Amino acid sequence: MSFSLCSSSSELKYHCVEGLRHSNVNPPVSKPSVRVGNSTRRDNIQMSDRDPRKIAVSNHVMPGQLEGPYLLKKPLERPSEKLEYVRTLLIDNYDSYTYNIYQELSIVNGLPPVVVQNDEWTWKDVCHYLYEENAFDNIVISPGPGSPTCSADVGICLRLLLECRDIPILGVCLGHQALGYVHGAQVVHASEPVHGRLSEIQHNGCQLFHDIPSGRTSGFKVVRYHSLVIDPESLPEELIPIAWTSSSDALSFLETRKSNTISDDCESQIGCSRSAKSFLECENGSRRPFVLSDKSKRVIMGIMHSSRPHYGLQFHPESVATHYGRQIFSNFRKITEDYWLRLRPYTARMQVPCASQLFREVPRSRHIVNNAGDQLYRKASQISQLTHNAYKKSYSGVSNMVNISHPSTDVRFLRLEWRKFDHLASQVGGAQSIFCELFGHHKAENTFWLDSSSIEKKRARFSFMGGKGGSLWKQLTYRLSDQSDMTFKGGGYLLIEDAHGSTKSKCLEEGFLDFLNKELLSFRYEEKDYEGLPFDFHGGYIGYLGYNLKAECGVVSNRHKSRSPDACFFFADNLLVVDHYNDDVYILCLREECTAMTSWLDSTEEKLFSLKLSAIRLEEQNFQVANFSPFEAGFRAEKSREQYMEDVEKSLRYIKDGESYELCLTTQIRKSIGEIDSLGLYLHLRQKNPAPYAAWLNFSKENLCVCCSSPERFLRLDRNGTLEAKPIKGTVARGETVEDDEQRKLQLQYSEKDQAENLMIVDLLRNDLGRVCEPGSVHVPHLMDVESYATVHTMVSTIRGKKKSEVSVVDCVRAAFPGGSMTGAPKLRSMELLDCLESSSRGIYSGSIGFFSYNQTFDLNIVIRTVVVHEGEASIGAGGAIVALSNPEAEYEEMILKTRAPAKAVMEFL
């Protein structure tokens with residue numbers, strides 16, 4: 001049957017979604033003036049539709065308009081030369097996994113691909129780069145949300161597949177469906193949406209699957225993220241199915257670990273053990289044809305064109321859990337090499353090494369990070385030469401993500417003084433005692449405390465605290481411009497208060513993150529000043545980024561305006577650090593090089609040694625919340641149980657239609673509390689629900705206190721340039737008995753739904769880190785570990801990568817904010833949908849709290865399990881990831897579970 005998937009049913013139509021992403025389709029682009037020297041024009045070479053053994057050649061530049069083909073009189077011999085590297089044009093369909101493909105291609109091809117979003121180039125641009133500049137050897141079309149039947153979802157991809165018949169193309173997921181659709185196949189709903197689950201694959205042994213086993217128990221298992229499929233009955237003769245699986249055999253990740261075969265690339269990324277490979281081979285070494293016993297369950301997982309070098313894969317070879325994914329990309333490189341070397345024997349000697357330089361003069365939007373593009377922007381004056389080495393150092397030259405020029409004005413030279421007191425913390429009552437005695441007076445106004453209140457299993461080591469400090473201290477309060485008319489293009493208003501209480505306001509047309517980037521790049525310092533310090537925050541900005549700052553990270557607009565500021569930070573020039581492992585205390589003072597040392601170090605040292613052991617030590621108490629309801633504490637829900645479950649149902653329909661793989665739906669509960677001792681509330685919360693990434697922030701002039709007990713790290717950059725994310729997906733309440741508790745932990749560990757959630761977000765974070773990390777450096781040292789906290793068990797993964805040297809601190813954050821565990825995937829489309837499903841701004845909830853150190857490091861959490869006290873009201877946000885396996889009632893109960901600990905702390909304290 002044939003039907004369009006471009007529009008959803010009437011109840012799923014939201015005016016705020018339509019046209020958000022594709023309002024700037026095919027913007028005018030000026031032709032680059034930088035030309036490639038010593039390049040030869042590639043003739044438009046076409047494989048004849050009538051006889052694939054013959055080759056048709058035309059001198060026309062425009063593909064698909066060949067006239068009077070001349071058949072070569074004798075076949076070209078297969079040359080022995082190999083291409084030194086392969087240049088790939090990677091078309092991004094606004095997906096959250098594109099940069100996982102980017103990382104793989106960078107390794108396999110020998111240099112990074114050029115990433116272009118599907119509505120970024122006109123057809124004239126495409127023809128210029130492909131056929132005049134000979135800039136690319138092949139094309140890869142990324143996955144993405146939506147359907148190929150909706151032109152806005154695939155942009156220029158359909159025309160590429162239809163007319164670029166002489167260039168090797170590989171389509172992944174949406175790209176695969178587009179290849180089928182453009183040649184007449186029907187794209188229909190799958191019998192079952194499959195997201196974040198694995199299937200065993202059978203294939204026909206074609207070149208794309210060279211050296212890859214086939215069939216059940218072979219070890220070839222792949223990750224699937226799709227709700228739509230190509231209808232095999234509608235497949236035209238020119239498209240050949242090359243891989244299949246069954247819709248009923250999808251497995252969870254842990255189920256696949258039982259297999260005795262794991263590929264090399266899967267092993268290298270997630271540390272799996274590997275056994276011998278097993279191939280299905282006939283006696284003469286050829287692959288055996290396979291037969292599916294139940295054709296009704298056949299799902300096409302791969303296709304190829306009979307006469308063009310075009311391939312499609314429904315599954316995701318770039319996923320961390322797909323076996324033999326890198327081998328597939330290597331095989332596509334070999335297909336590309338064989339194709340061009342067969343047609344043009346001297347191509348290897350005539351390659352243009354620096355295709356990415358061609359695009360650095362193309363005008364781009366000044367807003368730099370979108371969901372998947374985001375490469376370096378360089379002005380023409382900065383281009384010195386077209387060298388292979390320069391290509392390797394570039395991002396692929398499309399957008400301005402990185403401000404590589406250091407500011408020439410307002411440079412500040414900072415010096416750091418510090419002292420260490422061995423084994424002092426426990427002698428003076430611990431971190432809480434220190435904070436209360438040194439910074440807790442006068443309602444702890446203008447104070448901060450990044451509080452590692454849960455240090456079990458070395459989850460966190462250091463706590464950072466302080467208050468209004470020396471001459472460098474200031475407070476930044478930022479609010480985005482009014483966005484109610486849905487035409488918001490960025491920018492906002494910043495209020496700056498200095499150490500003397502003076503304030504000034506300024507309009508930031510480029511937004512807060514741009515301002516913060518310039519601030520951090522303006523600092524100069526001596527590395528020797530902090531030699532010997534075991535932590536990475538030595539002074540700088542400390543505070544929060546609200547969820548609505550997604551508008552500065554690629555989202556076109558915010559539907560809801562936050563009641564609280566969208567970002568608030570202190571510049572901390574004086575701070576105290578507690579090392580929980582060694583029981584040491586450090587005090588640090590940051591000053592400008594030209595100013596004299598203050599007395600803060602001396603006075604703080606004196607106060608520390610005057611503290612008594614008895615100072616503010618609270619006794620440990622058991623904290624059971626399993627049967628507690630936040631509504632018993634007087635909290636009112638933003639949405640009723642029925643409304644929330646209805647939103648889950650809507651989310652499931654979006655997922656079924658291919659609009660998203662996972663939607664992290666949230667809501668808020670609120671309670672009027674009037675004037676209270678907010679610090680006392682936080683101390684009660686940290687005692688009842690300790691967490692490794694807890695935090696206290698008090699912006700007294702905003703009448704705003706944040707009491708956070710987050711167990712989740714968003715992103716960290718250490719002094720060695722290592723980026724780390726630790727997303728949480730999967731949560732279950734602790735049991736009331738030891739046996740019940742262990743049973744619940746095991747249920748979480750082996751939950752197919754929670755594993756699917758976690759895997760999707762791991763791949764998303766790999767993508768986000770892949771945008772700013774060195775190729776090949778992104779890896780997953782811990783996948784789906786279960787961690788236990790006071791009230792819940794959680795499923796946690798760890799992703800790490802090595803930051804590229806030309807990328808700034810803020811660029812790293814912008815590439816990944818908001819945290820993928822709070823959005824879903826693909827991130828951009830999911831956030832658009834969530835803005836329509838949710839009835840108010842998330843505010844600080846779902847954002848990040850942490851620090852940006854003056855020496856270019858940072859550490860940020862995800863704001864969850866948090867009470868925000870603002871203008872006499874306490875609010876708590878909570879939610880969960882909606883996936884194809886979700887049950888609306890269970891999702892509502894999980895959301896309530898996540899509110900219990902902070903809501904109970906509020907009820908007990910009042």
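As the structure is a computational prediction, the values presented were derived from the model and not from experiment.
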TODO: Kindly assign one of parallel, tilted or perpendicular to the pair Phe535 and Phe462, based on the angle between their ring planes and the thresholds 30° and 60°.
DONE: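 Rings of Phe535 and Phe462: perpendicular, as their planes differ by over 60°.
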Open item on the list: Would you call the rings of Phe851 and Phe537 parallel, tilted or perpendicular, taking 30° and 60° as the class edges?
Closed with: parallel
- [ ] List for me each residue that meets salt bridge (charged side-chain N to carboxylate O under 4.0 Å, His left out) alongside Asp498, sequence neighbours excluded, and say none if there are none.
- [x]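 Per chain and number, Asp498 pairs via salt bridge (charged side-chain N to carboxylate O under 4.0 Å, His left out) with no residue.
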Open item on the list: Which residues pass the salt bridge (charged side-chain N to carboxylate O under 4.0 Å, His left out) test with Lys474, not counting sequence neighbours?
Closed with: Glu519
TODO: Report the residue from Leu508, Leu480, Asp566, Val810 that forms a side chain to side chain contact (heavy atoms under 4.5 Å, CB included) with Glu552.
DONE: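 Only one of Leu508, Leu480, Asp566, Val810 forms a side chain to side chain contact (heavy atoms under 4.5 Å, CB included) with Glu552, namely Leu480.
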Open item on the list: Rounded to the nearest 0.5 Å, what separates atom CG in Leu588 from atom CG in Leu575?
Closed with: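 Between Leu588 CG and Leu575 CG, I get 5.0 Å after rounding to 0.5 Å.
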TODO: Working to the nearest 0.5 Å, report the span between NE2 of His442 and OG of Ser700.
DONE: 12.0 Å
For [Y], is there an ion pair with [X] - N to carboxylate O distance below 4.0 angstrom?
X: Asp536; Y: Arg716; value: yes
X: Lys550; Y: Asp835; value: yes
X: Asp529; Y: Arg415; value: yes
X: Glu873; Y: Arg563; value: yes

TODO: Check Phe448, Trp449, Tyr682 against Phe435 for a ring-ring contact (aromatic ring centres under 6.0 Å, His included) and give me the one that passes.
DONE: Trp449
Task: Partner of Phe512 by ring-ring contact (aromatic ring centres under 6.0 Å, His included), out of Tyr541, Tyr478, Tyr493, Tyr544 - done: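 That would be Tyr478; it is the only one of Tyr541, Tyr478, Tyr493, Tyr544 passing the ring-ring contact (aromatic ring centres under 6.0 Å, His included) with Phe512.
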Task: Arg766 and Ser96, any side-chain heavy atoms less than 4.5 Å apart - done: no
Open item on the list: Quick check: do Pro711 and Arg865 have side-chain heavy atoms less than 4.5 Å from each other?
Closed with: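 Pro711 reaches Arg865 side chain to side chain.
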Task: side chain to side chain donor-acceptor pair (under 3.5 Å) partners of Asn574, counting only residues at least two apart - done: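 Listed in chain order: nothing, the list is empty.
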TODO: Would you check if there is a donor-acceptor pair between the side chains of Arg412 and Ser522 at a distance under 3.5 Å?
DONE: yes
